[in-house]
Amino acid sequence: MKSIYMKIVTSVLFIFLMACGSVPVTQAADPENAKTLEKSAAPDTGIPADTYVVQPGDLLIVDVWKEKDLQRELMVRPDGGLDFPLIGNIDVSGKTVDQLRQEIVTKLAKYVPDPVVTLSVKQSLGNKIYVIGKVNKPGDFIVIRNTDVMQALSMAGGLNPFASANKIKILRREHGVLKSIPFKYSRVEKGEDMEQNIILQGGDVVVVP
C-alpha cells in the first residue's frame, strides 16, 4: 500500500510541475513567437538608422574583384555625378551606398561577366549640415547617419540664453530653389508637433536667430 501511495503522490507532483512550467517553456522554445514579439516591439521607421545617402564631395572607394584596372577612388562631383571606367557618368543623387553599388554591378555586367563590386565611403565630406546663429558652437558638421534638427542643435552645443527658440529656420535648397522650414524648439522639447523634428539633408542650414 505504501508503495502505491508513493507512486500516486509522485505522479500528481510530476503533473503539477509540468503544468506550472508549460507556458514559459513553450514560449521560450518557440523562436517564431520570439521573432514576432521583437518585430512588434521595434519601431517601424521604414529606413534603417545606418542608411547613408551619397553626397557631392564624398570620396568613394570602388573595387571590382579580380579587375585591378577597375579599382578606383572617386570624388563625387558637385553636380552629384561621377565617372567610372567602361560605364561613364553615373548620377548618384539621392542614392544610398548599396543602391549605387548595385547600379555599378548592373551597368558593369555588360562588359565584365558576373562582376563582384564592393563600394565604401572613405570620407563623407559631402554630407555636411550647418548650424549658425545663437548656439554655443556654431559651425559645419559631417553626419553619417540620419540626423534630425534636435540632434544637430545638440552637436552645436545647444541654444545660448539669447536664442529665439521658436523662430528657428531650416534652409534647404531643392532643385535650385531655397526654401525655409520653421522649427519651434519649445514645442518639440515638450514632445509636441514632433513632425517638425525632420531628418536633415546634406547642405541644410539650421538658423537660430
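- Of the possible polar contacts, one joining the Gln196 side chain to the Lys184 backbone as a donor-acceptor pair under 3.5 Å is found.
- Considering CG of Leu171 and CD1 of Ile132, their distance stands at 7.0 Å, rounded to 0.5 Å.
- In the hydrophobic cluster analysis, where Ile, Leu, Val, Met, Phe, Trp and Tyr join through side-chain heavy atoms closer than 4.5 angstrom, Ile181 is grouped apart from Ile199.
- Residues Lys134 and Phe162 approach most closely at CD-O, 3.4 Å, considering heavy atoms.
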Side-chain polar contacts of residues 89-98 - donor-acceptor pairs under 3.5 angstrom, sequence neighbours left out - could you list them?
unit_1: Asn89; atom_1: OD1; unit_2: Arg77; atom_2: NH1; d: 3.4
unit_1: Asn89; atom_1: OD1; unit_2: Arg77; atom_2: NH2; d: 2.7
unit_1: Asp91; atom_1: OD1; unit_2: Ser93; atom_2: N; d: 3.1
unit_1: Asp91; atom_1: OD1; unit_2: Ser93; atom_2: OG; d: 2.8
unit_1: Lys95; atom_1: NZ; unit_2: Asp91; atom_2: O; d: 2.5
unit_1: Lys95; atom_1: NZ; unit_2: Glu103; atom_2: OE1; d: 2.4
unit_1: Lys95; atom_1: NZ; unit_2: Glu103; atom_2: OE2; d: 3.4
unit_1: Thr96; atom_1: OG1; unit_2: Gln99; atom_2: N; d: 3.2
unit_1: Asp98; atom_1: OD1; unit_2: Arg101; atom_2: NE; d: 3.2
unit_1: Asp98; atom_1: OD1; unit_2: Arg101; atom_2: NH2; d: 3.2
unit_1: Asp98; atom_1: OD2; unit_2: Gln102; atom_2: NE2; d: 2.8

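- Here the straight-line distance linking atom CG of Leu86 with atom NZ of Lys107 works out to 12.5 Å at 0.5 Å rounding.
- One finds the CZ atom of Phe183 at 6.0 Å from the CG atom of Leu153 (value rounded to the nearest 0.5 Å).
- Distance CG/Asp63 to NZ/Lys68: 11.0 Å, rounded to 0.5 Å.
- Taking each heavy atom of Met75 and Leu82 in turn, the nearest pair found is O-CB, 4.3 Å.
- Counting only distance, with no hydrogens or angles, the side chain of Asp204 and the backbone of Gln201 share a donor-acceptor pair below 3.5 Å.
- In this structure, Asp58 CG and Gln123 CD are separated by 9.5 Å, a value rounded to the nearest 0.5 Å.
- Considering every non-hydrogen atom in both Ile142 and Ser124, the closest pair reads CG2-O, 3.0 Å.
- Going from atom OH of Tyr111 over to atom CD1 of Ile87 covers 8.0 Å, rounded to the nearest 0.5 Å.
- Val208 approaches Ala163 most closely through the heavy-atom pair CG1-CB, 3.7 Å.
- Annotation for Asn166 and Ser186: closest pair OD1-OG, 2.7 Å, computed over non-hydrogen atoms.
- The nearest pair of heavy atoms linking Val188 to Asp193 is CG2-O, 3.9 Å.
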### Task
Please step through side chain to side chain contact (heavy atoms under 4.5 Å, CB included) for the pair Phe141 and Leu200, ending with a clear verdict.
CA-CA 12 Å; Phe141 304 90; Leu200 297 173; over 6 Å; no
